[in-house]
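As C-alpha cells, the structure follows; a few thoughts come after it.
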Amino acid sequence: MTNAIEVKNLRYRYPDGSEALRGVSFSVGAGERVALIGPNGAGKSTLLLHLNGLLPERAMENSAVQIAGDAVTPANFSKVRKNVGFLFQDPEDQLFCPTVFEDVAFGPRQFGLHGAELAAKVGAALAQVGLTGYENRPPHHLSRGEKRRVCLAGVLVCSPAVLALDEPTTDLDPRGRRELKALLRELPAAQIIATHDLELVVEHCSRAILFDRGAIIADGPPATLLADEPLMLAHGLERPHILSHHHPHSKT
Amino acid sequence: MNPEFIDRYSRLDSPVHKLPVGSKIVAALVLVLGVALWPAVPWQLFGAVGALLLALMLLSQIPPRFLLRRLLIAEPFALSIAALALFQPGGWHIFLVMLTKSTLCLAAMILLTATTPFTDLLAALRRARIPVVFVTTLALLYRYLFVLADESSRMRRARLSRSFAEHRAHQWRALATVAGQLFIRASGRAERIFAAMSARGWEQK
C-alpha cells in the first residue's frame with residue numbers, strides 16, 4: 001500500500017535566504033498518527049505547508065513530497081489539496097465565510113458539489129463534530145473551541161486521507177481540548193500534528209518526530225522519545241508529567 | 001466596535017424587512033440610478049423620493065437615530081465632492097443639487113442594508129450572477145471587519161495599559177503606529193487566509 005505521506009530530501013529557503021528545511025526525509029503510513037515536535041521556529045509549520053503545495057512560493061515541476069502516491073506539483077494541486085485536510089493555527093484565518101454553512105461548504109463547492117447533495121454533506125460534517133444546527137451562525141459569535149470544530153468540519157467534509165494539524169489544541173480550554181482529542185481519535189485519516197502539547201503526543205500519537213533547525217533529530221514512539229530528558233531539554237522541550245506518573249488506566 | 005453594528009436591526013419583523021431581498025435591491029438600484037441620472041432638476045421629484053424614503057424608514061421600525069448616524073458618517077464624503085462645485089460659476093446651485101442627490105442615494109442604500117441581513121444580500125447578489133470575485137470580496141470584507149475591529153480594540157487596550165501620561169501629540173503618534181501595525185497585521189492575515197482558501201481547493205480563475 002502506498003504511504004499517505006512520502007517526503008524525500010525536502011529543502012527550503014525562506015525568501016530572505018535563511019535555510020528553513022535542510023534535507024528532510026520521512027514517510028507516514030495510511031492511518032498513522034505522527035506528532036511533529038520541536039522548539040518555536042524549528043520549521044514545523046513550514047514543513048506542513050509543503051504537504052499541499054502552499055510552499056514553496058514558486059511551485060516546482062518536481063516535488064520532494066508525495067501524498068498518497070501523487071507528487072505535490074501544480075498539475076496535482078486540486079487532487080492533493082482535497083486529499084490533505086489542513087487545520088491552520090488560527091481559526092480566524094481559516095473561517096473566512098459569513099456563515100458556518102458557507103464555510104463548511106467552501107471545499108466541496110470548489111470540487112463541484114451543490115444543491116441538496118452539498119447540504120447533506122455539510123450537515124453530516126457538522127454532525128460529525130457535534131455542531132448540528134449551527135448552519136446559519138456567523139463565525140464571530142462562536143467560542144474558540146466551536147470555531148476549531150467548524151474548521152475541522154470544513155476539512156472533514158472533503159474526506160481527506162491526510163490531516164495536517166498546526167497547533168490544534170494549544171489555545172483551547174481543557175473541555176475544548178478533550179472534545180477535540182475525542183474527535184481526532186475517531187478519524188481514520190493519517191494525521192500529522194505539529195504541537196507543543198506533549199500530553200496530546202503521548203496520548204494520541206503512535207510516533208513522534210523531533211524537529212529542530214530544519215532537520216529531523218529523532219523519530220520514534222512518544223513514550224521512549226519524550227522520556228529522554230536530556231534530549232528533550234536540548235531542543236527546547238521537556239519531559240511531560242504524564243510520563244512521570246504511573247497511570248493505571250493508560251495504555252502505555 | 002459593537003459586533004452587532006452591521007446587522008443590529010436587520011432581522012426585525014416589519015413590512016420593509018419582509019419584502020423579498022431581490023426586489024429590494026432592484027428597487028434601491030433603480031431609485032439611485034434615477035435620482036443620479038435625471039437630466040433636469042425636478043425638486044418635486046426629489047421631494048417625492050425623500051418622502052417615500054422617510055415613509056419606509058418609519059415603517060421599518062428602526063430607530064431614526066441609528067439611520068441618521070449612518071447617514072452622517074457617509075455625508076462628509078458626499079459633502080467634500082459637492083464642495084468642489086463651489087469653485088465654478090453657478091456653483092451654489094450645482095452644490096445643492098449634488099448634495100441632495102447624493103443624500104437621497106445614500107439614504108436609499110442605508111435603508112436597504114439596515115433592513116436586510118448582510119448574508120441575505122450576498123446570497124441575492126450571488127443569485128443575480130454578480131461576478132464571483134466581487135461577491136467573495138464583499139463576503140470577506142464582512143467576515144473580517146469584526147476580526148479587525150477586535151484586533152484594534154485589543155491593541156488599544158494594550159497601548160492604554162502602558163500609557164501613563166496622555167499628551168495629545170503622544171496620542172496622535174500612537175494612533176499612527178496602531179494604524180500602521182493594523183495594516184501590516186491585516187496584510188499578513190490576508191496572506192494566511194489565502195493559504196487557507198487554497199488548502200481547500202480555491203483556484204484563481
query: Based on non-hydrogen pairs under 4.5 Å, which of A:Gln94, A:Glu92, A:Arg109 is most in contact with chain B?
result: A:Glu92
Segment of A:Leu95 engaging chain B (4.5 angstrom heavy-atom cut-off): both
Structural part of A:Asp103 lying under 4.5 Å from a heavy atom of chain B: both
field: Side chain / backbone / both / neither for A:Gln89 at chain B, heavy atoms under 4.5 Å
entry: neither
field: Validation row, ring centre A:Tyr12 to ring centre A:Tyr14 under 6.0 Å
entry: yes
field: Contact check, side chains of A:Gln128 and A:Arg149, non-hydrogen atoms, under 4.5 Å
entry: no
query: Of the options A:Asp171, A:Asp166, A:Asp173, which is the one that meets A:Arg148 in a salt bridge (Lys or Arg N to Asp or Glu O under 4.0 Å)?
result: A:Asp171
task: Identify which one of A:Leu87, A:Ile192, A:Val84, A:Val155 satisfies the side chain to side chain contact (heavy atoms under 4.5 Å, CB included) criterion when paired with A:Leu163.
output: A:Val155
Side chain / backbone / both / neither for A:Cys97 at chain B, heavy atoms under 4.5 Å: backbone
- prompt: Using the ring of each side chain (for Trp, its six-membered ring), is B:Tyr142 parallel, tilted or perpendicular to B:Phe118, with breaks at 30° and 60°?
  reply: parallel
message: Heavy-atom cut-off 4.5 Å, strictly under: side chain, backbone, both or neither for A:Phe88 against chain B?
response: side chain
field: Top of A:Phe86, A:Phe77, A:Phe106 for chain B proximity - count of heavy-atom pairs under 4.5 angstrom
entry: A:Phe106
Beyond-backbone contact of A:Arg33 with A:His204, side-chain heavy atoms, under 4.5 angstrom: yes
task: Flag the one option from A:Pro138, A:Gly154, A:Cys158 with the top tally of heavy-atom pairs under 4.5 Å to chain B.
output: A:Gly154
query: With only heavy atoms counted, which part of A:Asn136 is less than 4.5 Å from chain B, the side chain, the backbone, both or neither?
result: neither
Heavy-atom check, side chain of B:Arg189 versus side chain of A:Asp90, under 4.5 Å: yes
- request: Could you look at B:Ser198 and say if it's the side chain, the backbone, both or neither that has a heavy atom under 4.5 Å from chain A?
  value: both
